[in-house]
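Read the structure below first, then the notes.
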2 protein chains.
Amino acid sequence: MPRKPNPAKRPARAADAIDYGPLENWVGFRLRMAQAASFQAFARLTHDMRIRPGRFATLMLIGRNPGISQTALSQANGRDKSTLTPVLNDLVKRGLVKRERTPDDRRTYQLTLTAAGNRALKQLTACALRHDRNLDRIIGPRDRTRFVSLLQRIETALSNDKANGRSSKRG
Amino acid sequence: MPRKPNPAKRPARAADAIDYGPLENWVGFRLRMAQAASFQAFARLTHDMRIRPGRFATLMLIGRNPGISQTALSQANGRDKSTLTPVLNDLVKRGLVKRERTPDDRRTYQLTLTAAGNRALKQLTACALRHDRNLDRIIGPRDRTRFVSLLQRIETALSNDKANGRSSKRG
DNA sequence: CCGATATAGTTTGAGTGCCAACTTTCTGTT
DNA sequence: AACAGAAAGTTGGCACTCAAACTATATCGG
């Protein structure tokens, strides 16, 4: 029998002998690496269906906030509004999202999920649930809440840095 | 505390509270948002100099591991090897990195920093230090070690998933 | 030595992201 | 009503990323 390919073999002499220097324990670097790993693991879970993980949050936010505008969606999703244009074009073309003009403000669109969009969201949610349970298992139940709240604190603290002149008119 | 979905008659606006649904407390989503915020904050710090933040880890890893190959570098950096090609072309063209053929294996390159590369690394390290001290302040000294080690655990656990393959099917 | 296979790096194509400039529409001032 | 400015969305330019196909070199089995 010919020697078969060996995909499980150790990935060369790569990452085990590497000196990371100060990167080793810097939050920014570890954050990036963990995020990339998480994203790719999720991508593997959703690989079979035709929807990529980046679309998941988009569909979820539309499903939870029917009639949301593209700008509000982009802010909730942490992306620039221009990033959303090709994504929504694709989602509309595939019949997952409906885009309607708002009658009293003809600049904005109202986004809603179609029935197919709801089905896709349900499928993706199942994948995301598995993914997040996997992450939960890695993190452990004791640290989970604290971990997530720290992530959220990083997000809000650095966003405030960015828009330090922005005022909230929230009552 | 999430509010109920907006009625379809009125689009959600930026001032409205967005219902994040299960995203609210999912590790994957928070990880993505925190990483994006961290990256952009770092980008603001390095805005003045000619080197973008994505190059920082590359330079650091070459500086700490002189003679590293491109594949080993890409794995240490958590990026695909093809991503590295244009980056290294640019770094070499700008005189920050030297690329030499390995004598006994003419497929691989040996990467080292030039003097200018070391200077650039030093500058970027100063920026990164500031950035990471900022993150430390946000996280707080009590949780920092645990937080970083959890990030690292996510990274290694999901990378092992990938290496072992996610399918139980055997040909 | 030869042929099959593995590895290092490059190229290409698609997706995603930001920012700045732009069009269209709305709003406030006069 | 007319104009200026703000806001929603689109477009174009550039950067970064992955995956697959490709070239060149190395290695293993016979």
Side-chain angles (χ1 to χ4, degrees), chain A residues 1-14 32-33 35-37 39-44 46-47 50-58 68-75 77-92 99-111 162, chain B residues 11-15 32-33 35-37 39-44 46-47 50-58 67-75 77-92 99-111 162:
Chain A
M1 181 179 265
R3 200 174 129 70
K4 64 181 175 183
N6 193 353
K9 196 169 187 173
R10 202 166 57 99
R13 59 196 190 281
R32 172 164 84 68
M33 298 291 276
Q35 198 274 330
F39 185 85
Q40 283 169 33
F42 189 23
R44 284 194 296 278
T46 62
H47 184 261
R50 293 283 174 181
I51 302 176
R52 294 175 58 97
R55 308 278 163 98
F56 170 58
T58 300
I68 191 172
S69 74
Q70 294 186 192
T71 298
L73 175 58
S74 73
Q75 286 170 358
N77 202 10
R79 307 266 95 112
D80 191 85
K81 57 184 176 152
S82 66
T83 304
L84 223 49
T85 299
V87 171
L88 287 176
N89 283 340
D90 178 62
L91 291 177
V92 167
R99 208 192 216 160
E100 291 170 306
R101 283 288 184 192
T102 308
D104 47 326
D105 187 341
R106 293 178 41 73
R107 294 172 301 180
T108 74
Y109 288 111
Q110 293 180 205
L111 304 171
K162 176 184 188 176
Chain B
R13 289 191 282 185
R32 171 163 87 69
M33 299 290 274
Q35 198 276 327
F39 184 84
Q40 283 169 33
F42 188 23
R44 283 195 295 277
T46 62
H47 188 259
R50 304 175 175 278
I51 302 175
R52 295 174 60 97
R55 307 277 160 97
F56 169 58
T58 300
I68 191 174
S69 73
Q70 295 187 192
T71 298
L73 175 57
S74 73
Q75 286 171 358
N77 202 8
R79 311 262 95 116
D80 191 86
K81 56 185 176 151
S82 65
T83 304
L84 223 49
T85 299
V87 172
L88 288 176
N89 283 341
D90 178 63
L91 291 176
V92 167
R99 218 190 331 205
E100 293 169 306
R101 283 288 184 192
T102 309
D104 47 325
D105 187 341
R106 292 175 43 70
R107 294 171 300 180
T108 76
Y109 287 112
Q110 293 179 281
L111 303 170
K162 176 183 187 175

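Per chain, numbering begins at 1; letters A, B, ... match sequence-line order.
- Residue Lys81(A) contributes atom NZ, which lies 11 Å from atom C1' of dT23(C) at whole-angstrom precision.
- Of the candidates dG9(D), dA8(C), dT10(C), dT10(C) carries the atom nearest the Tyr109(B) side chain, counting heavy atoms from C-beta on.
- Although no hydrogens or angles enter the test, the distance criterion places no donor-acceptor pair under 3.5 Å between the side chain of Arg79(B) and the main chain of Leu73(B).
- Put simply, the side chain of Ser82(B) and the base of dA19(D) share a donor and an acceptor less than 3.5 Å apart.
- The distance between atom CG of Leu84(B) and atom P of dA8(C), rounded to the nearest whole Å, is 13 Å.
- Following rounding to the nearest Å, Gln70(B) (CD) and dA8(C) (C1') show an atom-to-atom distance of 8 Å.
- Smallest separation of non-hydrogen atoms from Asn77(B) and Met33(A): O-SD, 3.5 Å.
- One atom, CG of Asp105(B), and another, P of dA6(C), lie 17 Å apart when rounded to the nearest Å.
- In this structure, Ile51(A) places its CD1 atom 11 Å from P of dT16(C), rounding to the nearest Å.
- For Leu88(A) and dT10(D), the CG to P distance is 8 Å, given to the nearest whole Å.
- Arg99(A) contributes no side-chain N or O that, together with a main-chain N or O of Gln110(A), makes up a donor-acceptor pair within less than 3.5 Å.
- Scanning all heavy atoms of the two residues, the minimum distance from Gly54(A) to Thr58(A) falls at O-OG1, 3.8 Å.
- Considering all non-hydrogen atoms of both residues, Thr83(A) and Val87(A) come closest at O-CG2, 3.6 Å.
- Residue Gln75(B) contributes atom CD, which lies 11 Å from atom C1' of dA8(C) at whole-angstrom precision.
- Toward the 5′ end of DNA chain D lies the nearest nucleotide of Arg99(A), the other residue of the pair Ala36(A) and Arg99(A) mapping further downstream.
- Residue Thr85(B) has no polar side-chain atom (N or O) positioned under 4.0 Å from OP1 or OP2 of dT11(C).
- For the pair Arg101(B) CZ and dA26(D) C1', the computed distance is 13 Å after rounding to whole Å.
- A pairwise comparison of heavy atoms in Ala72(B) and Ser69(B) identifies N-OG, 3.2 Å as the closest pair.
- Residue Arg107(B) places no side-chain atom within donor-acceptor reach of the base of dA24(D), judged by atom type and a 3.5 Å distance cut-off alone.
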Shorter than 3.5 Å, N or O on both sides, protein versus nucleotides 13-17 of chain D: list them out with atom names.
from: dC16(D); atom 1: OP1; to: Arg52(B); atom 2: NE; distance (Å): 3.4
from: dC16(D); atom 1: OP2; to: Arg55(B); atom 2: NH2; distance (Å): 2.9
from: dT17(D); atom 1: OP1; to: Arg79(B); atom 2: NH1; distance (Å): 2.6

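- Here the OG1-CG distance, from Thr71(B) to Asp80(B), works out to 9.5 Å after rounding to the nearest 0.5 Å.
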